[in-house]
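A short write-up of the structure that comes next.
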Amino acid sequence: MPAAIQDRPTTQAGKTPLVVRLLVLATFVVILNETLMINAIPRLMESMHVTEQAAQWVSTAFMLTMAAVIPVTGWFLQRVTTRQGYAIAMGVFLAGTALSAAAPTFTVLLLGRIVQAAGTAVMMPLLMTTLMTVVPERDRGRVMGNVTLAISVAPALGPAISGLILQLGSWRLLFVAVLPVAGAVTYFGLRHLDNIGEPEVSTLDWASAAMATLGFGGLVYGLSLFGEGESNLGPSIGIVIAGAATIAFFVIRQLKLQRTGAPLMDLRTLTHRTFALSLALMCIAFLAMMGSMILLPLYLQNLRGLTPLQTGLLLMPGGLAMGVLGPTVGRIYDRLGSRPLVLPGSIGIVLSLAGFTQISMTMPYWQVLALHALLMVGLAATFTPIFTLGMGALPPNMYPHGSSILGTLQQVAAAVGTALVVTVMSARTTSLVAEGAAEAAAQLSGMKLAFVIATALAAATIVVAALLPNRTNTSGEVMAH
């Protein structure tokens with residue numbers, strides 16, 4: 001969307017442009033659906049007569065589609081106007097939601113989730129690109145705080161909201177409830193949304209698109225298979241290696257296209273040190289967040305005997321704290337820069353995960369709540385500054401590519417986090433049960449080990465946070481102080 005830069009609207013200081021507010025609201029609604037089905041797995045198994053492994057696909061297929069579609073969004077957003085991009089994304093999302101709500105079979109439900117995810121995949125890069133174009137540099141932290149609310153709090157609140165809805169009836173209610181909200185957001189958005197800049201004619205390199213879809217999609221799929229027991233170990237390793245190899249070919253092709261024409265994903269964004277460091281920190285933090293989001297419900301429901309609703313309510317304060325703090329963190333960033341936020345935030349993430357390595361059958365619930373809240377506050381203090389800092393380090397013509405890379409790697413990090421903790425936990429549990437340990441004690445030990453590994457990985461965020469500059473100026477040059 002480079003042409004958009006010339007006619008950047010003047011924004012009143014301290015005011016979030018309406019176009020950004022509408023896109024944040026829409027993005028929140030669509031991203032909420034990524035984790036909305038986690039609590040519904042038992043209900044789905046009963047209703048559709050499918051195994052737990054098959055039922056997990058309602059979440060895996062969503063993540064997989066996001067990873068496969070996001071790489072193409074940079075090209076897509078340069079070709080369409082803001083209104084067209086919004087209408088297509090929300091239209092596709094609504095169609096997927098309606099199909100899922102009415103799904104007569106499990107296959108149709110999966111198809112509905114894939115369609116839903118294809119619409120969701122366009123929304124985040126559209127929001128990021130528009131924000132970087134219309135919001136002046138001095139206000140970006142505050143506005144990005146609202147964006148953090150959409151892209152980080154929505155997945156965190158998904159299980160809690162679904163726990164409440166599932167008390168009222170069938171899993172279909174999850175889609176029925178989303179439908180009117182998404183419909184109203186789409187209608188209101190199209191009435192008030194203005195186009196930002198002019199679309200550009202650009203060609204799509206179909207070979208790159210195919211490689212991105214197969215590479216990133218294959219990688220996420222292979223990683224998701226790790227959680228399905230030892231019988232799938234061989235195929236899952238093979239698929240991960242094939243996905244990684246395809247991504248390597250994709251990278252080589254992008255480097256070649258950068259010299260001759262327009263790449264699908266411009267990897268020159270990674271030559272901007274601040275963007276590359278921000279990307280690394282975001283991936284590790286997102287990996288830790290998704291890992292804990294998988295482990296905590298398993299611990300609370302399987303070992304402590306809580307219902308999905310009780311689990312959702314126990315984890316809700318953390319998600320809400322993250323949402324409430326997003327805009328405040330953004331304002332602090334605008335005033336003081338990234339250092340006073342990212343370093344304490346990274347330390348908070350590590351401390352909370354270290355606390356979770358001490359889980360037991362008798363750990364007080366207030367302690368679980370406090371550690372989860374600390375994790376979410378740490379993530380809130382980290383996400384807003386690194387998104388703002390990373391994107392701000394890029395020249396304006398690279399915003400669509402930067403947001404596309406950010407979105408793709410976020411999905412890969414989520415898949416790695418999920419696969420890692422489930423694999424570690426399952427392997428440890430299986431080996432202890434084989435040695436004669438009780439199932440519950442073995443599972444608890446597996447969870448502890450998974451949290452130890454998540455803590456060790458999260459410790460890397462402190463190192464990366466220390467390397468980040470305090471802020472970038474408008475031209476994308478780094479200001480150290």
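Numbers here are sequence positions counted from 1. These numbers were taken from a predicted model, which means no experiment stands behind them.
- Counting heavy atoms from C-beta outward, Arg253 and Phe249 have side chains that stay 4.5 Å or more apart.
- With rounding to the nearest 0.5 Å, the separation of OG1 in Thr186 from CG in Leu25 is 9.5 Å.
- Contact of the Val20 side chain with the Val24 side chain is registered, since non-hydrogen atoms from C-beta on lie closer than 4.5 Å.
- Panel note: side chain Arg172, backbone Ala103; a donor-acceptor pair is recorded below 3.5 Å.
- In this structure, CG in Leu300 is found 10.5 Å from OG1 in Thr307, a value given to the nearest 0.5 Å.
- Between Ile386 and Val342 the shortest side-chain heavy-atom distance falls below 4.5 Å.
- Side chains of Trp57 and Val50 form no contact here, defined as non-hydrogen atoms less than 4.5 Å apart.
- Judged purely by atom type and a 3.5 angstrom limit, Ser352 has no side-chain atom pairing as donor or acceptor with the backbone of His372.
- Aromatic ring orientation, Phe250 versus Phe216: perpendicular (interplanar angle above 60°, classes split at 30° and 60°).
- Side-chain atoms of Arg140 do not come within 3.5 Å of backbone N or O of Gly392 as any donor-acceptor pair.
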Report task. Would you check, one step at a time, whether the test side-chain contact (heavy atoms from CB on, under 4.5 Å) holds for Val185 with Tyr86? Result -> CA-CA 11 Å; Val185 166; Tyr86 181 81; 3.5 Å; yes
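- Residues Tyr399 and Met128 form no side-chain contact, since every pair of their non-hydrogen atoms from C-beta on lies 4.5 Å or further apart.
- Atoms CG and OG1, on Leu306 and Thr311 in that order, are 5.0 Å from each other to the nearest 0.5 Å.
- Thr388 contributes atom OG1, which lies 8.0 Å from atom CG of Leu131 (distance to the nearest 0.5 angstrom).
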Requested in this report: Report the C-alpha distance between Leu406 and Leu279 in whole Å, list the side-chain angles of each, state the deciding distance to 0.1 Å, and finish with yes or no for side-chain contact (heavy atoms from CB on, under 4.5 Å).
Outcome: CA-CA 7 Å; Leu406 205 73; Leu279 195 62; 3.5 Å; yes
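- Leu255 is not listed as a side-chain neighbour of Pro263, based on a closest heavy-atom distance of 4.5 Å or more.
- Other residues, nucleotides and ligands place no more than 12 heavy atoms under 6.0 Å from the CD atom of Glu46.
- The CE atom of Met282 lies 12.5 Å from the OG1 atom of Thr382; values are rounded to the nearest 0.5 Å.
- Residue pairs satisfying the ring pair (Phe, Tyr, Trp, His ring centres under 6.0 Å) criterion with at least one member in residues 163-189, sequence neighbours excluded, are listed as follows: Phe188-His192.
- What you find for Ala465 and Ser346 is that their closest heavy atoms are CB-OG, 3.7 Å.
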Only distances under 3.5 Å count here; give the side-chain donor-acceptor pairs of residues 106-126 to other protein atoms, sequence neighbours excluded, each with its distance to 0.1 Å.
| from | atom 1 | to | atom 2 | distance (Å) |
| --- | --- | --- | --- | --- |
| Arg113 | NE | Val58 | O | 2.7 |
| Arg113 | NH1 | Asn33 | O | 2.9 |
| Arg113 | NH1 | Gln116 | OE1 | 3.0 |
| Arg113 | NH2 | Asn33 | O | 2.9 |
| Arg113 | NH2 | Val58 | O | 3.1 |
| Gln116 | NE2 | Asn33 | OD1 | 3.2 |
| Gln116 | NE2 | Thr97 | OG1 | 3.0 |
| Thr120 | OG1 | Gln116 | O | 3.0 |

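- To the nearest 0.5 angstrom, Leu270 atom CG is 9.5 Å from Met398 atom CE.
- When every heavy atom of Ala182 is checked against every heavy atom of Phe93, the shortest pair comes out as CB-CE2, 3.8 Å.
- The backbone N or O of Ala67 sits nowhere less than 3.5 Å from a side-chain atom of Thr408 that would complete a donor-acceptor pair.
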May I have the list of side-chain donor-acceptor pairs in residues 326-337 shorter than 3.5 Å, sequence neighbours left out?
| from | atom 1 | to | atom 2 | distance (Å) |
| --- | --- | --- | --- | --- |
| Asp334 | OD1 | Gly141 | N | 2.8 |
| Asp334 | OD2 | Arg142 | N | 2.8 |

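- Leu94 approaches Gly183 most closely through the heavy-atom pair CD2-N, 3.6 Å.
- Ser47 places no side-chain N or O within 3.5 Å of a backbone atom of Arg43 that could act as its donor or acceptor partner.
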With a cut-off of 3.5 Å and sequence neighbours excluded, list every side-chain donor-acceptor pair involving residues 206-215.
| from | atom 1 | to | atom 2 | distance (Å) |
| --- | --- | --- | --- | --- |
| Ser208 | OG | Asp205 | OD2 | 2.3 |
| Ser208 | OG | Gln254 | NE2 | 2.8 |
| Thr213 | OG1 | Ala209 | O | 2.8 |

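- With sequence neighbours left out, Arg268 forms a salt bridge (Lys or Arg N to Asp or Glu O under 4.0 Å) with Asp266.
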Query raised in the report: Going through the distances and angles, do Leu267 and Val251 end up as a side-chain contact (heavy atoms from CB on, under 4.5 Å)?
Result: CA-CA 8 Å; Leu267 301 179; Val251 168; 3.7 Å; yes
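- Here the side chains of Met391 and Ser403 are in contact, with some heavy-atom distance below 4.5 Å.
- What you find for Pro317 and Leu314 is that their closest heavy atoms are CD-O, 3.4 Å.
- Heavy atoms only, all atoms of each residue included: Gly402 and Leu394 are closest at CA-CD1, 3.7 Å.
- The shortest heavy-atom contact between Ile349 and Ala458 is CG2-CB, 4.1 Å.
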Distance-only check: which donor-acceptor pairs under 3.5 Å involve side-chain atoms of residues 286-298, not counting sequence neighbours?
| from | atom 1 | to | atom 2 | distance (Å) |
| --- | --- | --- | --- | --- |
| Ser292 | OG | Ala288 | O | 3.4 |
| Ser292 | OG | Met289 | O | 2.9 |

Requested in this report: Evaluate the side-chain contact (heavy atoms from CB on, under 4.5 Å) criterion for residues Met322 and Phe383: first the C-alpha distance (whole Å), next the side-chain angles of each, then the deciding distance (0.1 Å), finally the verdict.
Outcome: CA-CA 10 Å; Met322 191 185 203; Phe383 279 141; 3.7 Å; yes
